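Take a look at the structure set out below.
No experiment lies behind these values; they were computed from the predicted model shown. Quick note on labels: first sequence line is chain A, next is B, and so on, each numbered from 1.
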There are 2 protein chains.
Amino acid sequence: MSNIKPSLAKGTRDFSPQEMVKRNYIFDTIKTVFKKYGYAEIQTPAMENLATLTGKYGDEGDKLIFKILNSGDFLSKVKPEQMAQANSNAITSSISEKALRYDLTVPFARYVVMHQNDIALPFKRFQVQPVWRADRPQKGRYREFYQCDVDVVGSDSLLNEAEFVLIYQEALSNLGLKDFTIKINNRKILSGIAEVVGKPELIVDMTVAIDKLDKIGLEGVIKELLERGFTEADIEQLKPVILLEGSNTEKLNSLRAVLSASATGLKGIEEIEQVFEYLAGMLMPEAPKPDLELDITLARGLNYYTGCIFEVKTNEVAMGSIGGGGRYDDLTGMFGLKGLTGAGISFGADRIYDVLQELNLFPESAAAGTKVLISNFDQDAERYALPILQQLRNASIATELYPSSAKLKKQMSYADDKGIPFVILIGSDEMQTGLLTLKDMQSGKQQKLTTIAIIDLLKR
Amino acid sequence: MSNIKPSLAKGTRDFSPQEMVKRNYIFDTIKTVFKKYGYAEIQTPAMENLATLTGKYGDEGDKLIFKILNSGDFLSKVKPEQMAQANSNAITSSISEKALRYDLTVPFARYVVMHQNDIALPFKRFQVQPVWRADRPQKGRYREFYQCDVDVVGSDSLLNEAEFVLIYQEALSNLGLKDFTIKINNRKILSGIAEVVGKPELIVDMTVAIDKLDKIGLEGVIKELLERGFTEADIEQLKPVILLEGSNTEKLNSLRAVLSASATGLKGIEEIEQVFEYLAGMLMPEAPKPDLELDITLARGLNYYTGCIFEVKTNEVAMGSIGGGGRYDDLTGMFGLKGLTGAGISFGADRIYDVLQELNLFPESAAAGTKVLISNFDQDAERYALPILQQLRNASIATELYPSSAKLKKQMSYADDKGIPFVILIGSDEMQTGLLTLKDMQSGKQQKLTTIAIIDLLKR
């Protein structure tokens with residue numbers, strides 16, 4: 001037994017009761033919306049076979065996967081010459097067969113392939129579980145964090161994309177956010193642009209550069225495009241795209257002109273229009289219209305997405321994106337099941353937490369643990385309190401009896417520290433009359449009431 | 001990208017939508033009771049520093065801890081002579097600094113010590129999270145499984161123990177179990193018996209042997225006691241204890257006679273009596289009396305518990321214990337914070353799942369995902385359906401529109417596979433009259449109704 005002062009593993013966090021109530025409030029609100037749209041929850045194990053994960057996240061990603069050491073005599077599978085070379089990379093696969101989940105998408109793909117005979121397509125699932133990344137921890141970046149994903153696989157209908165917009169709209173509104181922007185783009189539009197310029201192989205370079213418009217301005221973007229292999233003539237062609245402005249309809253019209261020679265590009269425009277059309281058909285007259293903005297610079301996960309791309313930002317607080325996603329045409333191909341298209345979005349729960357905290361949007365109820373504490377004066381009062389304690393609980397009121405006859409001041413400060421809003425005081429007077437003293441901890445107001453009356457009051 | 005057929009890591013499980021709904025039903029039911037008794041949720045990270053975990057579970061336990069390989073060039077900290085020896089044990093601490101949580105108790109102790117200045121004592125917390133053990137997987141034993149723990153630290157009141165009995169009673173009853181036994185014992189009684197026999201050092205041997213009475217009978221127990229160092233004379237003294245029978249009160253009276261010379265033993269009896277007294281005071285007249293049985297052979301986690309010990313078994317299905325716990329007088333001592341007493345119990349969620357499954361106790365509602373599917377005949381019907389889809393969702397009815405105009409048979413079998421109880425059929429007739437066809441998938445019955453009437457019916 002060591003007596004070393006214990007600490008958390010780097011980049012990980014404990015969640016206190018107060019934090020848990022708020023986190024659960026966020027997850028529950030989002031999950032309720034997922035379910036309303038027909039999505040069902042699954043869970044996958046924290047540990048996956050290493051072979052399931054490696055090669056899915058690029059070389060940089062592979063390095064960030066937490067590997068689990070084989071149990072027992074793990075060195076027994078390492079050959080003596082490998083031992084002599086002491087090469088960590090070469091040795092890893094001999095001493096580690098399992099790793100921690102890096103995201104929820106690859107395990108979902110594995111799930112779909114493994115259970116393909118049991119699931120009805122389209123398969124609509126959500127998943128809210130932690131993932132682990134051996135990233136360098138910094139403010140807002142952790143080595144363990146929750147992802148909150150919703151995906152559909154086996155349906156190419158753009159209704160799914162339209163519903164993702166509504167899911168964002170409804171979930172974020174239900175969380176109290178009032179001003180946020182859902183950005184939409186389409187990979188096919190980006191491909192079309194690169195095609196029209198005659199540099200389809202430079203699509204990634206092009207989007208990386210255009211994506212920086214907000215940060216480095218037009219001059220900066222042009223400089224970067226030149227460095228990345230575009231000519232002055234290319235840039236002339238790209239300018240209307242880089243500087244695209246106006247309403248979504250105006251943007252689409254400009255793009256249609258630029259992309260008239262690209263079948264792929266026009267398909268991208270058509271997809272976006274179809275999403276808008278679905279949304280127009282689904283929005284109730286009284287519902288707030290989502291702030292949906294076509295943003296041609298949006299290019300997250302470009303190697304991955306093949307159709308629509310989404311990203312959400314709040315306009316009330318300076319904060320990176322609080323959600324994103326898109327369509328990927330070959331989710332399960334990595335596990336040998338071809339031709340299954342998928343689409344999905346995710347919510348950034350940690351960032352949403354920070355936003356709600358900053359805007360003071362957590363409801364009162366998201367702080368509610370124990371509702372009432374019964375004080376404990378002495379053994380007689382304790383005995384008197386026991387049936388009352390259970391009467392309150394039977395009325396579904398979270399109740400505690402202070403477990404010893406400590407000083408009243410200590411009992412009161414216990415209620416204070418735990419944020420318990422009411423205390424019932426029971427002394428000899430109360431035991432004689434049956435009228436208990438109920439103290440409102442916030443106002444300090446006290447009143448004498450029967451148990452029944454207290455239950456009525458607390459249930460209101 | 002490998003095309004290898006993907007598989008699960010040994011001893012781990014996926015949870016399907018149907019399983020998740022049932023698992024959530026169990027966890028939610030139990031958590032609701034925890035909260036009613038004033039317990040608040042915390043979460044700790046999956047990864048702990050290896051030093052936090054090692055030495056806490058005995059040598060056997062240490063071997064079952066999953067260690068995480070350091071990131072990057074993990075061999076750089078291994079000395080050449082260590083490499084040459086190729087000793088897995090000696091090398092582990094050089095290549096692994098972190099490990100996966102083995103239970104929820106040690107992380108809880110770490111939490112209490114690290115946050116001692118922020119928490120109000122007594123600190124009542126519950127925690128429902130997965131743990132990982134490198135055990136040999138077998139039926140009912142997994143390498144990843146959820147623990148569901150509730151503990152109080154910083155209160156020696158036996159009210160806590162009494163409330164644990166009520167928590168078991170209420171949670172298991174709410175889950176629909178009708179016949180279960182909560183067994184109670186006290187470590188001090190076991191100590192007292194070993195003391196009276198004059199073999200206090202053999203307390204573990206004694207309880208291990210007595211614990212087998214059900215399996216190997218009196219003769220077997222006597223044989224084992226002899227093998228473990230007890231004399232014939234000792235066994236004569238132990239016989240009334242081994243063969244203890246009657247009501248709890250009768251048992252306590254017999255024990256009081258046997259233990260009259262042991263202050264510790266008498267203290268144990270007193271503690272049990274105090275728990276019974278609390279329970280008598282708290283039970284409502286109409287509440288079912290918990291089947292609480294003093295069982296002197298109950299000795300789980302003996303090295304650990306110092307006071308009351310609990311274990312719960314269902315009598316409706318052959319199954320090991322579905323819960324257990326007890327008091328441990330020095331929870332946080334392992335991290336240098338002395339003198340904090342704790343007590344806690346846990347629920348075996350996997351076993352409870354199997355019990356409910358076998359007894360068919362999962363409620364209908366624990367299968368409910370999407371409530372109604374709207375069929376998709378063609379583009380016109382799809383467009384007509386869009387506002388109806390949102391109208392139903394606005395009424396909090398989980399609704400899906402089939403995302404393409406596939407064959408009706410396919411759409412119906414989608415509803416069937418997903419267990420969706422209602423389908424709305426919209427054809428040209430429905431669009432003309434505004435009366436939609438609602439089909440009850442179980443009875444096959446169809447009726448024509450307005451959207452409003454359908455909402456009324458489904459909300460009922």
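Interface summary for chain A: among B:Ser157, B:Pro17, B:Ala120, the most heavy-atom pairs under 4.5 angstrom belong to B:Pro17. Contact count versus chain B (heavy atoms, under 4.5 Å) is highest, among A:Glu382, A:Lys35, A:Glu170, for A:Glu382. The choice from A:Gly11, A:Gly281, A:Ala40 that makes the most heavy-atom pairs within less than 4.5 Å of chain B is A:Gly281. Ranked by heavy-atom pairs shorter than 4.5 Å toward chain B, the options A:Asn89, A:Leu100, A:Val78, A:Asp118 are led by A:Leu100. Per-residue counts of heavy-atom pairs under 4.5 Å with chain B were compared for A:Val372, A:Ile420, A:Asn160, A:Ile95; the largest is that of A:Ile95. Annotation: maximal heavy-atom pairing with chain B below 4.5 Å, among A:Ala398, A:Pro45, A:Ser96, occurs at A:Pro45. Of all the listed residues (B:Ile397, B:Leu159, B:Asn49, B:Asp417), the one sharing the greatest number of non-hydrogen pairs under 4.5 Å with chain A is B:Asn49. Contacts with chain A were tallied for B:Gln391, B:Glu48, B:Arg13, B:Glu400; B:Glu400 has the most, counting heavy-atom pairs under 4.5 Å. The candidate from B:Asp416, B:Ile119, B:Ile65, B:Ile91 with the greatest count of non-hydrogen atom pairs under 4.5 Å with chain A is B:Ile91.
Contact between B:Ala99 and B:Leu50 at its shortest, heavy atoms only, is CB-CD1, 3.5 Å. The two residues B:Met282 and B:Ala162 have their closest heavy-atom pair at SD-CB, 4.5 Å.
Along residues 108-115 of chain B, the residues that come nearer than 4.5 angstrom to chain A, judged on non-hydrogen atoms, are B:Arg110, B:Tyr111, B:Val113, B:Met114, B:His115 in order of number.
With a 4.5 angstrom heavy-atom cutoff, A:Leu64 does not touch chain B via any of its atoms. Proximity to chain B (any heavy atom under 4.5 Å) is shown, for A:Glu19, by neither the backbone nor the side chain. With a 4.5 Å cut-off on non-hydrogen atoms, A:Ile42 touches chain B through its backbone and its side chain both. Using a 4.5 Å cut-off between heavy atoms, A:Asn394 touches chain B through backbone and side chain atoms alike. Both the backbone and the side chain of A:Ala46 come within less than 4.5 Å of a heavy atom in chain B. Interface remark: B:Ser413 contributes no atoms to any contact with chain A (heavy atom separation under 4.5 Å). Interface remark: B:Leu389 contributes side-chain atoms only to the contact with chain A (heavy atom separation under 4.5 Å). At a 4.5 Å heavy-atom cutoff, the contact between B:Asn24 and chain A is made by side-chain atoms alone. In this structure, the portions of A:Pro122 lying under 4.5 Å from any heavy atom of chain B include both its backbone and its side chain. At a 4.5 Å heavy-atom cutoff, A:Glu97 makes no contact with chain B through either its backbone or its side chain. For B:Lys67, the parts lying near chain A are the backbone and the side chain together; criterion is any non-hydrogen pair under 4.5 Å. Interface remark: A:Thr52 contributes side-chain atoms only to the contact with chain B (heavy atom separation under 4.5 Å). Heavy-atom distances place both the backbone and the side chain of B:Leu386 under 4.5 Å from chain A. Contact annotation for A:Ser155: only side-chain heavy atoms (C-beta onward) come within less than 4.5 Å of a heavy atom of chain B. Only the side chain of A:Arg383 comes within contact range of chain B, with heavy atoms under 4.5 Å apart. Heavy atoms closer than 4.5 Å to chain B are found nowhere in A:Thr32, neither backbone nor side chain. Using a 4.5 Å cut-off between heavy atoms, A:Phe123 touches chain B through its side chain atoms alone. With a threshold of 4.5 angstrom between heavy atoms, A:Leu166 approaches chain B through side-chain atoms but not through N, CA, C or O. Contact annotation for B:Ser16: both backbone and side-chain heavy atoms come within less than 4.5 Å of a heavy atom of chain A.
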Note to self: One pair to check against salt bridge (Lys or Arg N to Asp or Glu O under 4.0 Å): A:Arg393 and B:Glu163. What are the steps and the verdict?
What the structure shows: CA-CA 12 Å; A:Arg393 286 175 178 159; B:Glu163 294 194 337; 2.8 Å; yes
Item checked: Evaluation steps, ring pair (Phe, Tyr, Trp, His ring centres under 6.0 Å), between B:Phe126 and B:Tyr39 -> CA-CA 6 Å; B:Phe126 71 86; B:Tyr39 286 86; 7.9 Å; no
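Of the possible donor and acceptor atoms, none in the side chain of A:Thr399 sits under 3.5 Å from a partner among the backbone N and O of A:Leu392. Remark: the backbone N or O of A:Val152 is not paired with any side-chain donor or acceptor of A:Arg125 at under 3.5 angstrom. Remark: side-chain polar atoms of A:Lys124 are paired, donor with acceptor, to backbone N or O of A:Tyr37 under 3.5 angstrom. Remark: the backbone N or O of A:Met20 is not paired with any side-chain donor or acceptor of B:Gln43 at under 3.5 angstrom. For the pair B:Arg101 (side chain) and B:Trp132 (backbone), a donor-acceptor distance under 3.5 Å is absent.
Considering OG of B:Ser88 and CG of A:Asn70, their distance stands at 9.5 Å, rounded to 0.5 Å. In this structure, NZ in B:Lys77 is found 12.0 Å from CG in B:Leu75, a value given to the nearest 0.5 Å. Note that CD of A:Gln116 and OG1 of A:Thr332 are 8.0 Å apart. Values are rounded to the nearest 0.5 Å. In this structure, CD1 on A:Ile374 lies 11.0 Å from OH on A:Tyr384, to the nearest 0.5 angstrom. Taking CG of A:Leu279 as the start and CD of B:Gln390 as the end, the distance is 9.0 Å to the nearest 0.5 Å. Taking NZ from B:Lys10 and CZ from B:Arg143, the interatomic distance works out to 5.0 Å, rounded to the nearest 0.5 Å.
A:Thr44 and B:Asp14 form no side-chain donor-acceptor contact under 3.5 Å, judged by distance and modelled atom types alone. Judged by distance alone, the side chains of A:Tyr414 and A:Lys418 do bring a donor and an acceptor atom under 3.5 Å apart.
Residues passing the salt bridge (Lys or Arg N to Asp or Glu O under 4.0 Å) test with A:Lys31 are A:Glu41, sequence neighbours excluded.
Cation-pi check for B:Arg23 over B:Tyr146 is met; the charged atom lies under 6.0 angstrom from the ring centroid and within 45 degrees of its normal.
Salt-bridge formation is not detected for the pair A:Arg133/A:Glu144: no Lys NZ or Arg NE/NH1/NH2 atom is positioned less than 4.0 Å from an Asp or Glu carboxylate oxygen.
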